[in-house]
There are 2 protein chains.
Amino acid sequence: MKTESEPQLSASLEDYLEAIFNLAGESEGARSKDIAETLSVARSSVTGALQALREKGLANYRPYGCITLTEPGRTLAAEVVRKHNILKSFFVNVLGVDADVAQQAACKAEHALGPEIIGRLLSFIKYVTESHRNGRDVAEEFRQFHKSRSGAKARKAQA
Amino acid sequence: MKTESEPQLSASLEDYLEAIFNLAGESEGARSKDIAETLSVARSSVTGALQALREKGLANYRPYGCITLTEPGRTLAAEVVRKHNILKSFFVNVLGVDADVAQQAACKAEHALGPEIIGRLLSFIKYVTESHRNGRDVAEEFRQFHKSRSGAKARKAQA
DNA sequence: CAGGATAGTTAGGGACCCCTAACTCTGTCA
DNA sequence: TGACAGAGTTAGGGGTCCCTAACTATCCTG
């Protein structure tokens, strides 16, 4: 007997889950229209996704009703959000990328990386942070390194 | 006039491009069967992809003929391969992930990250490598850090 | 309460990507 | 040379995801 299979959520459905999680956090339940705006998608696409999420037991949804996540849905969404934040933090705080570039990249890459790499990335961020407290700021050192490198490149290109 | 649009290659077609690039490098032109094996895909799917790549001017292909890349195709493929290698190198040499896990993750993530982040990642690998030569091996330091952290976690979980 | 604005849904269709089954082509070996 | 094996293709179909257009429900305000 198998009431609920674990069907490897698609990247797209993960995005919907994440959006609902974020929107439902701010208010009480998400609105279809806001999900559509968040994901830059037509409202009708949201309806379809909600039906899929309901079938998988991840979202509480009935036509014209307000949208919340089930317990398993919340768990899954939280994991996606966690990945997202770890990636964004790595891009911003270690690599020194702009927040909005990091945001977009995290959104795409979060579907591609498994727990092994995500775990190490988190660990790495902690390592870099501690290096900062220990007076050997790896992130800052790298930023200097990168600046001088790319500066040299740019000068070369201009010649 | 615009003879050749640049249609944002899909992740799937990028994978085909990469496979052809790698296979054609080893011998003279790739074989459909080997592409199918490399990508774990049916042979008929390869035919479809080849037609798409030909239409985009990226692959030289005619039915039953041998498969090579055009000049623009090679350029694009080289860029994909470059991304792939940078990611894999970061996963292996900085994060200390197993080669095969890194390989798979790089394959998925390479489609998600833009030039800005890839560039910085490359820079970061160089930085870590130099830190090694300078007697302050960031990668090694991190591996120790990660080991002690995950060790502590494991011990905690066992208690 | 009526009617309009807005939100949400359904219907229908397209793009992409993959599959299996059945066919055709090609090269090789007796 | 003829026939077989294996490579490659075509036909047909399924799944996902998205869109527009048109319809329906809901809400709010006069």
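Hydrogens, waters and symmetry mates are skipped; everything else that's a heavy atom, side chains included, is used. In what follows, every chain begins at residue 1, and chains take the letters A, B, ... in the order their sequences are listed.
- Within residues 29-38 of chain A, no residue has a heavy atom under 4.0 Å from DNA chain D.
- Note on residues 109-129 of chain B: pairs passing salt bridge (Lys or Arg N to Asp or Glu O under 4.0 Å), not counting sequence neighbours, are B:Glu116-B:Arg120.
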Listed pairs under 3.5 Å, donor-acceptor, residues 128-139 of chain B side chains, sequence neighbours left out:
| from | atom 1 | to | atom 2 | distance (Å) |
| --- | --- | --- | --- | --- |
| B:Thr129 | OG1 | B:Ile125 | O | 2.7 |
| B:Ser131 | OG | B:Val128 | O | 2.6 |
| B:Ser131 | OG | B:Arg136 | O | 3.0 |
| B:Ser131 | OG | B:Val138 | N | 3.1 |
| B:His132 | ND1 | B:Asp137 | OD2 | 2.9 |
| B:Asn134 | ND2 | B:Glu130 | O | 3.4 |
| B:Arg136 | NH1 | A:Glu141 | OE1 | 3.2 |
| B:Arg136 | NH1 | A:Glu141 | OE2 | 3.3 |
| B:Arg136 | NH2 | A:Glu141 | OE2 | 3.1 |
| B:Asp137 | OD1 | B:Ala139 | N | 3.1 |
| B:Asp137 | OD1 | B:Glu140 | N | 3.0 |

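- One interatomic measurement links the two molecules: CZ of A:Arg62 to P of C:dG8, which rounds to 13 Å at whole-angstrom precision.
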Output a table of nitrogen or oxygen pairs between the protein and nucleotides 26-29 of chain D separated by less than 3.5 Å.
none

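- Identified under the salt bridge (Lys or Arg N to Asp or Glu O under 4.0 Å) test for residues 30-43 of chain B, with sequence neighbours left out: B:Lys33-B:Glu37.
- Residue A:Ser12 holds its OG atom at 8.0 Å from CG of A:Leu39, rounded to the nearest 0.5 Å.
- For residues 84-106 of chain A, no pair satisfies salt bridge (Lys or Arg N to Asp or Glu O under 4.0 Å), with sequence neighbours left out.
- With sequence neighbours excluded, the residues satisfying salt bridge (charged side-chain N to carboxylate O under 4.0 Å, His left out) with A:Glu79 are A:Arg82.
- Phosphate contact (OP1/OP2 of C:dT10, side-chain N/O of A:Gln51, threshold under 4.0 Å): present.
- Residues passing the ring pair (Phe, Tyr, Trp, His ring centres under 6.0 Å) test with B:Phe124 are A:Phe124, A:Phe142, B:Tyr127, sequence neighbours excluded.
- C:dA7 atom C1' lies 15 Å from atom CG of A:Leu23, rounded to whole Å.
- In this structure B:Glu71 satisfies the salt bridge (charged side-chain N to carboxylate O under 4.0 Å, His left out) test together with B:Arg74, sequence neighbours excluded.
- Applying the salt bridge (charged side-chain N to carboxylate O under 4.0 Å, His left out) criterion to B:Glu14, with sequence neighbours excluded, gives no partner residue.
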Readout for nucleotides 12-21 of chain C: B = base within 4.0 Å of protein heavy atom, S = sugar-phosphate only, - = neither; 5' to 3' it is -----SSBB-
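- Sorted by first and then second residue, the ring pair (Phe, Tyr, Trp, His ring centres under 6.0 Å) pairs involving residues 70-123 of chain A (not counting sequence neighbours) are A:Phe90-B:Phe90.
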